[in-house]
Each structure stands twice: as C-alpha cells, then as structure tokens.
Amino acid sequence: MPRVRFAPSPTGYLHIGSARTFIFNWLYARKNNGTMILRLDDTDVERNTQVSIDSIFDGLHWLGLNWDEYYRQSERLALHKEMAYAIFAKGLAYRDFTPAHADEEEREGEAGPWLFNAGMRELSAEESDRRAAAGEPFVLRFRVPRGENRAVKFKDSVFGDQYKKADEIEDFALLRSNGMPTYHMASCADDVDLRIDHIIRGQDHLTNTFKHVLIFEALSETKPKFAHLPLLIAPDGAKLSKRKHGPVVSVTTYRDAGFLPQAYINFLCLLGWSPKNNREQMSIAELMEAFSFSGVNRSNAVVNFSDEDPIDPKAQWLNGQHLRSMPVNDLLPAVRAVLEAAGLSADEPSFAFVVDTIRARYTTLHDFATKGRPYFADDYPMEPAAAERLDEPQARELLRELGVRLQAQTEFTEASVEKTLRDLAAEAGVKPGILINGSRAALTGQAVGPSAFHVFTAIGRDRSIARLKMV
RNA sequence: GGCGCUAUCGUCUAGUGGUUAGGACGGGGCCCUCUCAAGGCCCAGGCAGGAGUUCAAUUCUCCUUAGCGCUACCA
C-alpha cells in the first residue's frame with residue numbers, strides 16, 4: 001500500500017504546477033489503494049502566511065481531490081531535531097561554527113563546488129563539544145563521504161538511473177544556527193517518520209535528491225522511491241511566476257474563470273504526461289486507471305497563454321468537451337451556482353432541458369450567466385445582429401401574429417410550433433427563415449444560438465408568446 | 001563558473017535503426033444547416049545544428065547550441 005505526500009510550502013497561492021504534483025500523487029495513491037498525505041512544509045516562518053495556507057486549501061477543495069492524513073511540519077520540529085542529532089550521533093554530521101555568510105565572497109568565482117568550511121569538518125569531538133557547551137552558535141552539517149570512488153545513486157521512476165560523485169555534493173546544512181531544521185532535514189525526517197515510500201515531486205528537486213538519499217541512508221534501512229515530474233513553464237521559457245506572469249499561475253484563476261474541476265485536472269494531466277493512446281478527454285476515473293510513471297515525460301511543458309488569451313486554448317477546449325458530454329444532471333449544481341452568483345434564478349422544472357439545449361455552444365460555466373441570460377431572465381440585451389433580423393420586411397408583424405396563433409393553441413411542442421410557423425410563412429409568402437431567425441432574435445435577443453424550435457421549448461410557452469408580442 | 005536534466009508541428013504529445021513521422025489544440029477550407037456552436041471530412045505545419053556508427057539515423061554515440069534546475073543557515 002503506497003504512502004505518498006504532497007508537501008507545499010505556504011509561501012504563495014496554490015500554483016498550477018503544485019496542483020499538478022498533487023494530482024499525480026493522488027492518482028498514484030488512489031490507483032494503488034494507497035494513502036494520500038497532505039503535509040504543509042511550513043518551516044520557513046518568515047515567509048509563511050495564513051493567506052497562502054487558505055489559498056492551498058481553496059484550490060485543493062475546488063479540485064475536489066481529498067487526502068487521508070494531514071500534518072504541519074512546524075508542529076514536528078522536535079522530531080526533525082531528534083533525527084538530525086541521531087545522524088550527528090552516528091558521526092555522519094558535524095558542527096560548523098563558521099558565522100553565517102562569512103565566506104560568501106570567497107565562494108564566488110570558485111571553479112568547482114564549495115564543499116565545506118575548512119577546519120570545521122575535522123574539528124575534534126572535544127573541541128566541538130566544548131564550543132557548543134560554551135554557547136557558540138553552529139550549523140549542523142551532513143558529513144558527505146569524500147573520495148574519488150564515492151558516489152550517490154538512486155533510480156527515478158521518470159528519469160531513470162541517477163548518479164553523482166560524492167565530491168560534487170557539498171556538506172549541506174541539517175540544522176541552522178538557530179536550531180531550526182533546514183528544508184532537507186525536515187522533509188526527509190518527515191518522509192521517514194510518515195513512512196512515505198514514493199516521493200513524487202517537481203524536477204527542481206532532482207539534484208537535491210542526492211542529498212536526500214544520504215539523509216535517508218543515515219536514518220533508516222529503507223529509502224523511498226522517487227519520481228520527478230517535468231516542470232510547467234511559461235511560453236517565454238521561464239518558470240511560471242505570479243509576479244511575471246500574473247494570475248495564470250494560480251489555480252483559483254481557473255475556478256473563477258468558470259472551469260469545471262475535472263476538466264482542469266484533465267488539462268493539467270496532459271501537461272507532461274500522456275496515456276499514449278491519443279486519448280485527450282478523460283474523466284478522473286479514467287485518468288486514475290491510465291496513470292503510470294512510464295507515461296510521464298522528461299521535458300518541461302509550456303502552458304500556452306498570451307496577453308490576448310490568458311488561458312491555454314486547449315484547457316478551454318477541454319472544458320467545453322466536459323461541459324457538453326458530462327451527464328447533464330451532474331452539471332446542474334455548478335450552473336445553478338453561477339446563475340445565483342449573477343442574480344439569476346434557475347428553479348424552473350425545465351432547468352435540465354434548458355442547460356442541455358444551450359451547453360453545446362458554451363466553453364465555461366460563466367457562459368450560462370452571460371450568453372445564457374435570456375433563458376433565465378426577462379431582462380436581456382438585444383444584440384444589433386438580432387435587431388437586424390427583426391428589421392427584415394414583415395418580420396415584426398408576422399412574429400406578433402405568430403404569437404397570437406401560438407396563444408390560440410393549447411399544444412406547445414417543437415413540432416407544433418414548427419408547423420404553425422411554417423404555415424404562417426407560407427400564407428404570408430415569405431421564406432420560413434425570416435420567421436425562424438426572427439424568432440430566435442425575438443426570444444433571446446441573439447442572432448445566434450440553438451435551433452429556433454429548441455429555443456421555443458427552452459424559453460417556454462408563456463414567455464415565448466410574450467416575447468413575440470413585444471417585438 | 002561547476003554539476004545535472006532536457007531537446008519531434010506555434011502549443012500539448014505518440015512513435016520507430018527502414019513509417020507518406022501519428023493524434024489533439026489553435027489556424028485555413030468543405031460538408032451538415034433556420035443562425036451560431038457542436039459534429040464529420042480535408043489542408044498547411046515538425047524530428048535544434050554538426051560529426052560518427054550503419055546498407056540505412058528523427059531513433060544509437062559524441063560535440064555544439066539552447067532552455068531549465070541545483071550549486072543558501074529558501075523551500
């Protein structure tokens with residue numbers, strides 16, 4: 001039973017790249033009957049904000065993906081320190097009393113990697129203990145094995161075998177001089193304690209993994225498997241950042257733009273992963289079934305947006321696909337919500353029929369409240385193109401007459417309306433198109449939309465007649 | 001600078017030592033049709049560059065280039 005975790009650091013909003021990482025973890029866990037853990041990596045007290053934590057929860061709740069266990073690193077600091085000192089006790093770490101940033105300038109322009117502060121690594125145990133006891137601040141560093149033949153290796157489920165000479169890895173910090181664990185220490189300590197067995201995260205951690213392997217080996221007999229995901233980048237090749245690219249990087253932007261969560265999840269999955277059978281539109285269940293690391297790509301994926309169109313066209317297309325193909329009843333709550341937010345009401349018995357009639361031409365939920373307004377309210381704009389239809393010769397008087405005739409009939413179906421309309425057109429000697437297109441214009445204020453006869457039944461008998469008479 | 005990862009249409013991707021290099025979005029066209037969508041069909045568009053191995057390289061190797069990541073007492 002796999003145990004996986006999503007471990008965001010709450011220093012911003014929920015980034016779409018983070019959301020995708022969550023999704024892949026979730027898919028893997030659910031497919032294999034595993035456990036999904038949400039862990040807030042909030043050890044950086046300076047930069048953590050409640051707003052950010054709220055944003056992460058907001059985004060995750062919207063996506064509708066759940067987790068089974070929840071932890072906050074800030075509540076587990078004692079454990080991290082304990083594990084750091086366990087490493088120290090094994091002789092695999094040492095105290096470095098060098099003041100912070102003391103040799104920053106020396107490091108710059110250095111040909112190779114900085115490995116450690118000379119002298120500190122080989123300080124005698126007695127002197128180290130004495131200085132510590134005297135209250136001198138120190139950072140606890142991992143004692144990376146040295147020597148030509150020493151290497152660290154691991155197998156990545158996406159990137160394959162990874163290998164690095166130990167001499168290329170610096171003696172990284174485990175504990176800061178204020179006693180707080182570093183990211184590497186806290187993350188690995190928690191992964192060990194929570195028995196995470198597959199770490200699925202962004203590729204930006206690929207090279208950090210060598211350090212993590214060292215910590216895992218120092219802490220336990222088993223180490224987790226790793227899967228690194230390609231990054232999501234902007235069209236300019238840079239990584240997505242709020243400051244540079246704006247709201248496109250935030251998950252809530254897509255929620256607010258009227259996306260269906262399952263459609264957005266579908267879109268995110270297709271960035272850097274492929275089911276390899278040309279499938280594009282997939283449900284959550286289908287994604288879960290198809291997910292595997294062998295389908296994960298190794299190169300970064302561009303989220304295709306521009307100033308004119310801030311949302312990836314493929315995401316929009318996919319949303320439209322889900323919108324029109326999902327069971328209509330599953331769609332109704334979301335539509336009802338956007339209508340209510342726009343001050344429109346959706347309580348009619350024909351609601352499902354109306355939604356089903358108009359959804360094929362919409363791409364976001366917002367379209368129901370904007371383009372769909374005439375179906376849910378009596379005050380709606382008359383578009384110029386629609387007005388032109390009404391201005392056709394005889395159009396207005398015939399439409400009013402149509403209203404009269406429909407009122408005289410008790411039957412009101414697509415077929416009955418069509419017959420009445422066509423009979424009237426024939427009598428008047430005009431093309432049926434005049435009345436057909438005119439009806440759509442009269443009933444919706446729009447020149448384009450569903451088949452006119454569908455519009456009649458969607459708008460309903462009384463309102464249709466009233467609108468015809470008003471032209 | 002050092003180390004690492006990556007490189008197929010504009011974008012997301014499939015794929016192979018011999019393929020007309022496949023699909024999707026977007027773009028163009030046609031069909032359908034009461035309009036607009038949807039749907040169907042068609043078109044344009046790609047293996048970063050250079051060597052090497054081979055009868056044959058987009059595919060394997062090397063180099064170059066480019067992008068990204070790491071190189072913190074950030075995560």
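Note on naming: letters A, B, ... go to the chains in the order of the sequence lines (proteins, then strands), and numbering restarts at 1 for each one. No experiment lies behind these values; they were computed from the predicted model shown.
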Over how many whole Å does the gap from [X] atom [atom1] to [N] atom [atom2] extend?
| X | N | atom1 | atom2 | result |
| --- | --- | --- | --- | --- |
| L229(A) | rU6(B) | CG | C1' | 15 Å |
| L270(A) | rG26(B) | CG | P | 14 Å |
| L174(A) | rA75(B) | CG | P | 12 Å |
| D309(A) | rG26(B) | CG | C1' | 10 Å |
| R359(A) | rG39(B) | CZ | P | 13 Å |
| I358(A) | rC36(B) | CD1 | P | 19 Å |
| D167(A) | rG4(B) | CG | P | 13 Å |
| N304(A) | rC25(B) | CG | P | 14 Å |

When you measure from the side chain of [X], which nucleotide among [options] comes out closest?
| X | options | answer |
| --- | --- | --- |
| A100(A) | rC70(B), rA37(B), rC73(B) | rC73(B) |
| Q321(A) | rC73(B), rG39(B), rU35(B) | rG39(B) |
| K314(A) | rC25(B), rC34(B), rC5(B) | rC25(B) |
| P313(A) | rC25(B), rA75(B), rC73(B) | rC25(B) |
| I436(A) | rG69(B), rC34(B), rU13(B) | rC34(B) |
| S451(A) | rU6(B), rC34(B), rC68(B) | rC34(B) |
| N278(A) | rC36(B), rG23(B), rA75(B) | rG23(B) |
| V302(A) | rU11(B), rC70(B), rG26(B) | rU11(B) |
| S299(A) | rA75(B), rU35(B), rU6(B) | rU6(B) |

Need one value for [X]: base, sugar-phosphate or nothing, where a base atom within 4.0 Å counts as base even if backbone is also close, heavy atoms only.
| X | answer |
| --- | --- |
| E418(A) | nothing |
| E280(A) | base |
| A447(A) | base |
| T43(A) | sugar-phosphate |
| H228(A) | nothing |
| F453(A) | base |
| D96(A) | nothing |
| D41(A) | sugar-phosphate |
| R279(A) | nothing |

Quote, to the nearest angstrom, the [atom1] distance that separates [N] from [M].
| N | M | atom1 | value |
| --- | --- | --- | --- |
| rC30(B) | rU13(B) | C1' | 28 Å |
| rC63(B) | rG4(B) | P | 11 Å |
| rG18(B) | rA56(B) | C1' | 6 Å |
| rG45(B) | rG10(B) | C1' | 9 Å |
| rG40(B) | rU33(B) | C1' | 13 Å |
| rA48(B) | rU65(B) | C1' | 8 Å |
| rG52(B) | rG15(B) | C1' | 24 Å |
| rG22(B) | rU58(B) | C1' | 14 Å |

CZ (R396(A)) and CG (L390(A)) are apart, to the nearest 0.5 Å, by 5.0 Å

Close aromatic pair by centroid cut-off 6.0 Å: [X] and [Y]:
| X | Y | value |
| --- | --- | --- |
| H228(A) | H205(A) | no |
| F154(A) | Y163(A) | no |
| Y70(A) | F57(A) | yes |
| F24(A) | F291(A) | yes |

Is the closest basic N to carboxylate O distance between [X] and [Y] below 4.0 Å?
| X | Y | result |
| --- | --- | --- |
| D367(A) | R373(A) | no |
| E170(A) | K211(A) | yes |
| E82(A) | R76(A) | no |

Report the base-pairing partner of rC5(B) (Watson-Crick or G-U wobble, both distances below 3.5 angstrom), or none.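 rC5(B) is paired, partner rG67(B).
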
Are K276(A) and rG15(B) close enough that a side-chain N or O sits under 4.0 Å from OP1 or OP2?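 For rG15(B), OP1 or OP2 has a side-chain N or O of K276(A) closer than 4.0 Å.
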
Given RNA chain B, 5'-ward residue of the pair F159(A) and P181(A), judged by closest heavy atom: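 On the 5' side of the pair lies F159(A).
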
Relative to the 5' end of RNA chain B, which residue comes earlier, N178(A) or G237(A), by the nucleotide with the nearest heavy atom?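 The answer here is G237(A).
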
